[in-house]
There are 2 protein chains.
Amino acid sequence: MVAEEGAKKSNCLRCAMRARSIFAGLSGEELCALGMDVIDLEFAGGTTIYREGDSASYAYTLREGAIKLVKSLADGRAQIVRLLHHGDLLGFEGLHREQHQHTAIALSTVKLCRLDLRELDLLSQRLPAVREAIFRRWQRALEEAESRIVDLGTRRAEARLATFLLQWAQAYPQRRSLPFPLTRQDLGEFLGLSTEHVSRIMADFKRRNWLRESRGELEILDPKALGAVSVS
Amino acid sequence: MVAEEGAKKSNCLRCAMRARSIFAGLSGEELCALGMDVIDLEFAGGTTIYREGDSASYAYTLREGAIKLVKSLADGRAQIVRLLHHGDLLGFEGLHREQHQHTAIALSTVKLCRLDLRELDLLSQRLPAVREAIFRRWQRALEEAESRIVDLGTRRAEARLATFLLQWAQAYPQRRSLPFPLTRQDLGEFLGLSTEHVSRIMADFKRRNWLRESRGELEILDPKALGAVSVS
DNA sequence: CGGACAGTTGACATAAATCAAATAGAGTGG
DNA sequence: CCACTCTATTTGATTTATGTCAACTGTCCG
């Protein structure tokens with residue numbers, strides 16, 4: 001739960017992430033000329049990166065690990081609004097809003113680079129490519145959100161879970177065993193189900209030998225079977 | 001079901017909608033200099049304005065009436081992804097996507113103005129104010145989508161319906177009797193419920209004298225009671 | 001008057017939540 | 001290394017919410 005925070009100036013030029021970042025379109029020279037403070041951070045799993053309602057000063061690019069964006073309800077329950085993987089952005093709602101719209105929590109150890117929102121705003125006004133990149137991410141987020149609305153509105157628990165597992169796997173291509181730092185409660189809060197119900201379905205999938213699971217790792221043994229359930 | 005389509009050149013300068021449109025920030029001169037083909041259209045309720053998968057050539061501003069954006073499932077069911085009111089935009093996903101992502105259907109007689117997507121794209125690159133306006137609408141759409149995810153994931157049928165009715169009312173401020181062109185099936189497809197279940201709850205709300213309904217009009221008699229249910 | 005069709009209502013089936021208890025693991029301190 | 005604790009998970013029994021099927025009603029409209 002304690003923030004094991006590391007911080008150092010980032011070298012964007014050499015960043016492995018650069019091609020997939022919002023600075024993808026820029027030349028090396030343009031990148032150097034940004035004059036932006038970009039700082040690399042590392043947090044332990046469980047760390048809260050920002051809270052819903054916090055005034056928004058920074059946005060982040062997730063370089064490694066997974067993060068959940070959560071909205072908390074008055075009655076103590078919570079809904080996971082989005083799950084983020086390496087390459088995803090977070091905190092960008094601060095470009096137009098004073099405050100963060102979700103609570104961001106690291107699911108595993110994460111590496112982030114942190115961008116100052118004010119600088120980013122100016123930058124995006126100056127550089128069409130940056131603005132364009134942010135815009136596109138936004139659109140993709142909207143499409144994913146709408147697809148989750150369809151999911152939640154029309155599909156049953158088994159199908160939602162199966163769909164989710166397959167999508168999770170897509171975030172880690174060419175890996176036979178996937179990092180899987182989600183608890184049953186996380187799954188429930190993402191899929192709109194009780195933890196018990198998630199547990200039953202996961203146990204069922206495992207009994208059918210569609211999955212294998214061991215401390216934070218997941219292996220999908222029968223994607224076809226899961227695919228069949230996910231459409232039903 | 002037949003498209004009663006009227007079409008004429010639009011006079012944006014005199015448009016009552018102008019202050020709320022994506023051209024809100026522009027001066028009269030700038031507006032004149034746009035050189036855009038903007039065409040006013042009118043469709044009867046039930047008309048399909050475009051279909052999911054259609055190649056996207058136009059975007060629209062909804063000037064009057066209500067529209068549903070629908071995603072159809074393989075099994076014949078459908079999910080209403082968004083409901084649009086006067087002032088809302090539709091078809092803008094065509095700015096970055098080749099094809100429309102939803103089917104747009106008029107719920108009542110609607111008045112639209114139609115914008116050519118190619119021209120709009122050029123325009124938005126030229127005019128920061130326009131781009132900004134579109135961006136902000138996008139962000140609001142994402143926030144609404146996320147709030148629906150929370151709703152669908154955590155709330156029961158009664159609460160979802162009550163919330164929805166109150167939100168619908170907000171789209172028609174200072175009106176005691178609201179236009180309400182939605183069928184029980186529409187409500188079901190928006191809220192992720194069966195038509196029968198929606199019907200039961202609506203009937204229940206009416207029996208409690210929280211609502212009154214008559215051919216396409218809805219009156220909310222007890223917003224407080226609905227509000228209480230909507231949080232439960 | 002007679003169809004369509006949307007809405008309502010009832011009886012029943014099923015999905016999922018809730019409550020409660022048992023089990024399994026992972027970490028901790030001796 | 002073991003005993004112990006704490007927590008996540010699993011499982012079972014039961015309740016509740018919601019869906020499904022079917023019949024009936026009302027209304028609009030030709």
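By convention in this document, chain letters (A, B, ...) are assigned in the order of the sequence lines, proteins followed by strands, and residues within each chain are numbered from 1.
- B:Gly192 comes within 4.0 angstrom of sugar-phosphate atoms only, judged by non-hydrogen atoms across all strands, and of no base.
- Of all heavy-atom pairs spanning B:Ala106 and B:Ala44, the tightest one is CB-O, 3.7 Å.
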Query - B:His86 vs B:Tyr172, ring-ring contact (aromatic ring centres under 6.0 Å, His included): CA-CA, chis, key distance, verdict - result: CA-CA 9 Å; B:His86 113 287; B:Tyr172 302 90; 7.8 Å; no

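- Using a 4.0 Å cut-off between charged nitrogen and carboxylate oxygen, A:Arg140 and A:Asp88 count as a salt-bridge pair.
- Residue pairs meeting the ring-ring contact (aromatic ring centres under 6.0 Å, His included) criterion with at least one partner in residues 210-232 of chain B, sequence neighbours excluded, are B:Phe205-B:Trp210.
- In terms of position along DNA chain C, the nucleotide closest to B:Arg184 lies nearer the 5' end than the nucleotide closest to the other residue of the pair A:Val198 and B:Arg184.
- Bounding nucleotides for the chain A contact on DNA chain C, 5' to 3', at a heavy-atom distance below 4.0 Å, are C:dA15 to C:dA26.
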Return a table of donor-acceptor pairs under 3.5 angstrom between the side chains of residues 185-192 of chain A and protein atoms on other chains or two or more places apart.
unit_1   : atom_1 : unit_2   : atom_2 : d
A:Gln185 : NE2    : A:Glu189 : OE2    : 3.1
A:Asp186 : OD1    : A:Lys68  : NZ     : 2.8
A:Asp186 : OD2    : A:Thr183 : N      : 3.2
A:Asp186 : OD2    : A:Thr183 : OG1    : 3.3

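- A heavy atom closer than 4.0 Å to some atom of DNA chain C occurs in B:Ser199, B:Arg200, B:Ala203, B:Lys206, B:Arg207, these being the qualifying members of residues 199-213 of chain B.
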Listing, residues 162-171 of chain A side-chain donor-acceptor contacts under 3.5 Å, not counting sequence neighbours, or none:
unit_1   : atom_1 : unit_2   : atom_2 : d
A:Thr163 : OG1    : A:Ala159 : O      : 2.7
A:Trp168 : NE1    : A:Pro179 : O      : 2.9

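- Judged as a ring pair (Phe, Tyr, Trp, His ring centres under 6.0 Å), and not counting sequence neighbours, the contacts of B:Phe135 are A:His96, A:Phe135, A:Trp138.
- Listed by chain and residue number, B:Glu146 satisfy the salt bridge (Lys or Arg N to Asp or Glu O under 4.0 Å) test with A:Arg82 (two or more places apart in sequence, or in another chain).
- DNA chain C is contacted by both A:Arg156 and A:Arg215; A:Arg156 maps to the nucleotide lying nearer its 5′ end (nearest heavy atom per residue).
- Side chains of B:Glu213 and B:Glu217 form no contact here, defined as non-hydrogen atoms less than 4.5 Å apart.
- Taking the C1' atoms of five terminal pairs at each end of the helix from C:dC1-D:dG30 to C:dG30-D:dC1, the two resulting helix axes are inclined by 30°, rounded to 10°.
- With respect to B:Lys224 and B:Asp222, no salt bridge is recorded, no charged nitrogen being found less than 4.0 Å from a carboxylate O.
- Closest non-hydrogen pair, A:Lys71 versus A:Gln101, comes out as NZ-O, 3.1 Å.
- In this structure, A:Arg114 is not positioned above the aromatic face of A:Tyr60 in the sense of NZ or CZ being under 6.0 Å from the six-membered ring centre and within 45° of the axis.
- Extent of DNA chain D lying under 4.0 Å from chain A heavy atoms, first and last nucleotide in 5' to 3' order, is D:dT9 to D:dA13.
- Take B:Arg175 and apply the salt bridge (Lys or Arg N to Asp or Glu O under 4.0 Å) test, not counting sequence neighbours, and it matches no residue.
- With salt bridges taken as basic N to acidic carboxylate O contacts below 4.0 Å, one links A:Arg208 and A:Asp204.
- Residues of residues 176-183 of chain A having a heavy atom closer than 4.0 Å to DNA chain C: none are found.
- B:Arg137 pairs by the side-chain contact (heavy atoms from CB on, under 4.5 Å) definition with B:Leu89, not counting sequence neighbours.
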